[in-house]
Amino acid sequence: MMTALRRAVPRVAACILLLLAGGIARSDPPEAPRSRETDSAAVFTKAAVAADHPAASAAGLEILQAGGNAVDAAVAVSFTLSVVRPESCGIGGGGFMVIHLNADPRYGTLSTAINYREQCPRAIDGDFYTRPENLGEDVTTHGAKAVAVPGTVAGLLYALEKYGTLDRGKVLEPAIRAARDGFIADDHTVASAMEIARWLVKQPGRRDRFRFVWKRLCRGSELRAGDRITLPEQARALELIADRGAGAFYYGEIARAIVSTVSADDGVIGLADLGAYRVEEVDPLTVRFAGRTLLCMPPPSSGGLALAQTVGILERLPSPLAVHPVGSVESVHLIAEAMKHAFADRARWLGDPAFVNVPVDRLLSNSYLSDRAAQVRPDACLPLASYGTGPDDQADAVTDGGTSHFSVLDERGNAVACTETINLTFGSLLAVEEFGFILNNQMDDFLTRPGEANAFGLTQSRRNLPDPGKRPLSSMSPTIALSTTGEVELVAGASGGPRIISATTQAAIRAIVYNSSAADATGLPRLHTQWMPDKLWLEDGLLDKDQREALSKLGHHVSDKAPSAACQVILRRDGRIEAACDRRKGGKPAGY
Ligand code: GLY
């Protein structure tokens with residue numbers, strides 16, 4: 001084992017220097033290999049948008065070029081994603097947005113976070129999914145009982161009205177056009193559609209129930225890359241929203257259509273639930289890392305806290321991470337160990353802070369992180385229980401197409417990191433047909449049945465039980481890093497269930513610790529671990545057979561099932577703006 005470990009650390013001289021220096025932040029970090037520019041990565045000089053669909057990045061660029069700021073562009077990107085990534089997000093879902101404004105004429109320099117996560121309906125409590133009538137296997141994932149009250153429209157319009165500069169009609173134009181004129185199905189949409197179609201083929205009874213997804217989005221298993229999909233019904237919804245604002249969605253015609261769709265499928269969301277939906281604006285979770293200030297999403301995101309804990313533990317290791325090359329056995333082991341502590345705490349402590357006490361300060365305190373760091377062994381994993389609560393039976397995590405992340409940086413130095421979700425691929429599969437959008441299945445992000453993991457294999461505590469008005473725990477991790485001089489350096493985040501956290505954390509570590517390009521921070525193969533199930537997933541290309549064996553000997557249960565997170569990164573460095581979209585999903589950045 002030691003031979004394999006040594007083989008993976010070739011830069012002995014650099015190691016000694018860095019060991020002497022201590023800490024994770026290095027003034028002279030090891031150089032990571034830089035990948036060539038591709039369709040998925042580009043360099044700009046003033047502004048950039050990186051979304052996981054080219055049409056969405058283009059929508060953001062259109063709004064920036066019309067004089068809008070990063071928030072205007074973000075709202076345009078998001079509404080466009082609602083049309084062109086129906087498998088991932090949309091007006092039937094929710095999200096988180098972290099905003100940094102730079103010397104804004106109205107607000108000065110300000111960092112804020114918008115929570116527009118879906119809310120639990122009033123008729124659902126902690127026992128709902130264990131009642132005999134709700135015990136069906138997929139009640140928490142498919143159909144109306146899986147749907148939480150959507151927050152996207154309220155959140156986007158809140159951000160636009162408070163921090164944007166253009167009017168609603170203008171920022172909604174690209175989305176309305178995309179819905180009316182159509183968009184071309186790409187590989188990701190087709191793969192997502194086929195995943196669902198294969199299931200529906202075996203479930204004839206469900207094909208009528210989920211007919212919009214089956215007929216319009218999967219084309220009854222016949223959807224092919226290059227096909228044009230039009231959503232004139234969603235164009236009408238977006239026109240109503242442009243015309244009348246959030247009220248159209250929460251009180252008006254769209255609200256009534258949502259309620260009638262949900263009721264027809266035996267669900268419980270009523271007009272009162274929609275009318276009660278509220279956006280929350282909160283301070284970002286702000287942590288120092290490697291001389292930077294990270295602006296992360298606080299709970300009910302678990303992602304910001306887990307990212308902050310992971311880098312906080314790594315920063316306190318006696319031997320710094322940066323002595324080990326990116327993608328070496330040692331760096332994979334150390335990152336995985338730090339992440340397991342963070343995921344164990346996620347499982348044990350986290351929930352919606354409006355309902356339960358989440359000990360954020362304690363979990364991020366110097367003494368706690370130092371204690372966790374001291375437990376990390378360079379030569380072995382710890383017993384599972386040492387990372388937190390005890391072992392449990394867990395299934396493999398499902399792949400996730402139901403989330404989307406985008407990053408925006410405008411020429412005034414304002415930035416938005418935004419992640420949105422309908423949860424699993426095509427959400428609940430239930431569509432509001434009159435308005436052409438899919439409803440989320442975010443209720444599965446709660447602890448719906450104590451003792452059982454959710455669809456992502458995540459163990460959760462009773463703090464995350466459903467309760468009327470409560471928001472389910474999320475892994476979404478939109479993150480902005482400010483440089484030592486206070487300027488936006490990195491805008492990052494990902495989609496992919498709990499792999500959002502590992503992908504975003506690795507992107508930040510690669511960009512900040514290893515000085516990687518945006519393309520490499522996004523594109524190089526990644527690891528994923530979430531403490532439970534006790535597995536270390538390694539993407540193809542990350543470590544060879546001998547190195548994987550070395551990790552197994554350390555106690556990792558190595559699996560080669562590839563994590564499928566998709567990460568969008570903007571990195572400002574040396575007067576250049578690098579923007580990269582994850583080649584795993586097919587986005588393309590735009591900018592100037
Ligand atoms: N629905 C995925 C997440 O919020 O973590």
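Order of listing sets the numbers, starting from 1, for every ligand and every atom in it.
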Ring pair (Phe, Tyr, Trp, His ring centres under 6.0 Å) partners for F435, two or more places apart | none
Which atoms of ligand 1 sit under 4.0 Å from any heavy atom of [X]?
X	result
S475	3 (C), 4 (O), 5 (O)
N423	1 (N), 2 (C)
R117	4 (O)

Between the side chains of [Y] and [X], is the shortest nitrogen-to-carboxylate-oxygen separation below 4.0 Å, so that they form an ion pair?
X	Y	result
R131	D125	yes
E433	R216	no
R117	D445	yes

Decide whether an N or O pair under 3.5 Å exists between T403 and ligand 1.
-> no
Salt bridge (charged side-chain N to carboxylate O under 4.0 Å, His left out) involving K585 - partner list, sequence neighbours excluded | D52
Determine, considering heavy atoms only, which of N440, D444, D445, T421 sits nearest to atom 3 (C) of ligand 1.
->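 When every heavy atom of N440, D444, D445, T421 is considered, D445 comes closest to atom 3 (C) of ligand 1.
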